[in-house]
Amino acid sequence: MLDARQLEALAAVLEQGGFGPAAQALNLTLPAISLRIKALEAALGQRLLVRGKTVRATPAGQALLGHVKQLRLMEADLVGALQQGPQTGVPARWQSLSVAVNADSLASWFLPGVAGLLAQQHLLLDVVIDDQDHTHEALKNGDVVGCVSTQQQPMRGCLAEPLGVLRYRCMAAPALAAQCRTPSGAVSVHRLLATPAVIFNRKDGLQDAFLEQHFQLDAPQYPRHFVPAVDAFESALEHGMGWGMVPDPFLVERPGHLELHEILPGSAVDVALYWHHWEREPLSAQRLTQAVKQSAKKVLL
């Protein structure tokens with residue numbers, strides 16, 4: 001069996017960002033932390049950490065970090081169940097679940113769908129926000145227990161369950177949308193490319209996907225604003241800073257928002273989403289998985 005103290009030392013080094021902070025967090029000396037890591041590496045016969053200016057995990061170290069986080073959740077589930085007995089009257093302990101979600105899903109369907117479960121089960125959410133094409137990396141690194149991703153194939157030991165399709169439309173303020181049209185009312189791709197786009201961040205490829213799917217343009221050049229916040233992104237579109245891709249759930253009800261027009265009506269970009277999670281997960285994570293799937297079913301196509 002793996003030594004629990006050695007595993008906690010490894011997790012502390014990776015979570016705290018170094019041997020010194022890990023020693024402080026575990027109230028141990030620096031040599032004690034180092035000896036536990038070396039003993040664990042010797043027992044497994046491979047390196048778990050890449051030591052340098054920054055400490056990072058090897059693939060084996062990442063797998064062990066995920067294992068430690070699973071053990072913590074299982075222990076929290078067990079302790080919570082024991083303390084929740086009818087004879088104790090002790091409320092359940094709060095426990096934390098880390099997830100990686102893209103910002104659009106987080107705001108439109110993820111949080112509304114899991115909020116009730118979190119309060120009922122005394123769960124705390126630790127959210128890593130990343131583009132849906134990159135959230136899978138956080139699960140691979142052992143940083144989260146689940147992620148919303150565009151990747152269809154699960155990694156070893158995990159499941160990838162289809163959630164549905166999040167549909168995006170190319171939107172702009174009315175005056176700017178009109179500038180992108182010819183006098184006859186047709187969309188001019190040359191005028192569109194001369195107009196700035198509003199992009200969430202540098203990982204966001206939705207605009208390029210729109211131009212490729214509907215205008216057969218492969219990574220064209222056009223001016224870009226980067227606005228990495230959902231509310232500010234919408235505000236930038238509403239105030240005519242540029243055109244951008246907006247998910248359908250954000251367009252259903254817009255009280256207090258300015259008007260947006262679809263630049264190319266009926267021409268959307270569909271993004272298929274999947275919920276990746278451990279195949280063997282603690283009860284609290286199982287409940288989260290069910291809540292995520294149910295919420296997605298209500299909103300996504």
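Quick note: residue numbers are just sequence positions, from 1.
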So, do [X] and [Y] sit near enough that their side-chain heavy atoms are less than 4.5 Å apart?
X: Phe200; Y: Leu206; answer: no
X: Ser188; Y: Leu192; answer: no
X: Val127; Y: Ile129; answer: yes
X: Pro196; Y: Tyr222; answer: no
X: Val114; Y: Val99; answer: no
X: Asn102; Y: Phe110; answer: no
X: Leu111; Y: Leu125; answer: yes
X: Ser98; Y: Val128; answer: no

Residue [X] excluded, over 12 heavy atoms near [atom1] under 6.0 Å:
X: Arg5; atom1: CZ; answer: no
X: Arg51; atom1: CZ; answer: yes
X: Arg56; atom1: CZ; answer: no
X: Gln216; atom1: CD; answer: yes

Kindly say whether [Y] contributes a backbone atom to a donor-acceptor pair with the side chain of [X] at under 3.5 angstrom?
X: His214; Y: Val269; answer: no
X: Thr135; Y: Val148; answer: yes
X: Gln207; Y: Val198; answer: yes
X: Ser295; Y: Trp109; answer: yes
X: Ser235; Y: Asp231; answer: no
X: His277; Y: Cys147; answer: no

Quick one: [atom1] on [X] to [atom2] on [Y], what's the gap to the nearest 0.5 Å?
X: Thr195; Y: Trp243; atom1: OG1; atom2: CH2; value: 9.0 Å
X: Met171; Y: Glu262; atom1: CE; atom2: CD; value: 6.0 Å
X: Cys158; Y: Leu139; atom1: SG; atom2: CG; value: 4.5 Å
X: Leu28; Y: Ser34; atom1: CG; atom2: OG; value: 12.0 Å
X: Cys170; Y: Leu264; atom1: SG; atom2: CG; value: 7.5 Å
X: Leu124; Y: Gln95; atom1: CG; atom2: CD; value: 8.5 Å

- Pair Asp133 + Lys203, salt bridge at N-O below 4.0 Å: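 So Asp133 does not pair with Lys203 through a salt bridge.
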- Note: Glu41-Arg47 ion pair, threshold 4.0 Å (strictly below):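 Salt bridge flag = no for Arg47 with Glu41.
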- Task: Before giving the answer on side chain to side chain contact (heavy atoms under 4.5 Å, CB included), spell out for Gln132 and Leu273 the whole-Å C-alpha distance, their side-chain angles and the decisive distance to 0.1 Å.
- Result: CA-CA 8 Å; Gln132 59 265 19; Leu273 298 176; 4.2 Å; yes
- Message: Please verify the inter-ring angle class for Phe215 with Phe210; under 30° counts as parallel, over 60° as perpendicular, anything in between as tilted.
- Response: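 Perpendicular.
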- Taking the six-membered ring for Trp, are His276 and His136 parallel (under 30°), tilted (30 to 60°) or perpendicular (over 60°)? perpendicular
Is [Y] reachable from [X] through a run of I, L, V, M, F, W or Y residues, each pair having side-chain heavy atoms under 4.5 Å apart?
X: Leu35; Y: Leu48; answer: no
X: Met155; Y: Leu159; answer: no
X: Val50; Y: Leu10; answer: no
X: Tyr274; Y: Val165; answer: no

- Message: Please evaluate residues Arg169 and Asp248 with respect to the criterion side chain to side chain contact (heavy atoms under 4.5 Å, CB included), reporting the C-alpha separation (whole Å), side-chain torsions for both, the decisive distance (0.1 Å), and the verdict.
- Response: CA-CA 7 Å; Arg169 302 182 188 275; Asp248 271 1; 2.7 Å; yes
Minimum heavy-atom separation for [X] and [Y], please, with both atom names.
X: Ala23; Y: Ile33; answer: CA-CG1, 3.7 Å
X: Leu14; Y: Gly61; answer: CD1-O, 4.2 Å
X: Ser108; Y: Pro249; answer: CB-CB, 3.7 Å
X: Gln16; Y: Ala22; answer: CB-N, 3.9 Å
X: Leu49; Y: Ile37; answer: CD1-CG2, 3.8 Å
X: Gly242; Y: Leu237; answer: O-CD2, 3.3 Å

- Between Asp104 and Tyr168, does a side-chain hydrogen bond (donor to acceptor under 3.5 Å, both in side chains) hold up when you go through it step by step? CA-CA 10 Å; Asp104 291 335; Tyr168 288 81; 2.8 Å; yes
- I would like to know whether Met245 and Ile199 meet side chain to side chain contact (heavy atoms under 4.5 Å, CB included); could you show each step before the answer? CA-CA 8 Å; Met245 305 303 293; Ile199 300 177; over 6 Å; no
- Message: Does the structure place the NZ or CZ of Arg224 under 6.0 Å from the centre of the six-membered ring of Phe226, at an angle of no more than 45° from the ring's axis?
- Response: no
- Regarding Trp275 and Thr289, is there a side-chain donor-to-acceptor distance under 3.5 Å anywhere?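 Per modelled atom types, Trp275 and Thr289 side chains form a pair under 3.5 Å.
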- Task: Check the side chains of Arg191 and Gln179 for a donor-acceptor pair under 3.5 angstrom, ignoring hydrogens and angles.
- Result: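 The answer is no; no qualifying pair exists.
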- Chi angles and distances behind the side chain to side chain contact (heavy atoms under 4.5 Å, CB included) call for Leu40, Leu64: CA-CA 11 Å; Leu40 184 58; Leu64 282 177; 4.2 Å; yes
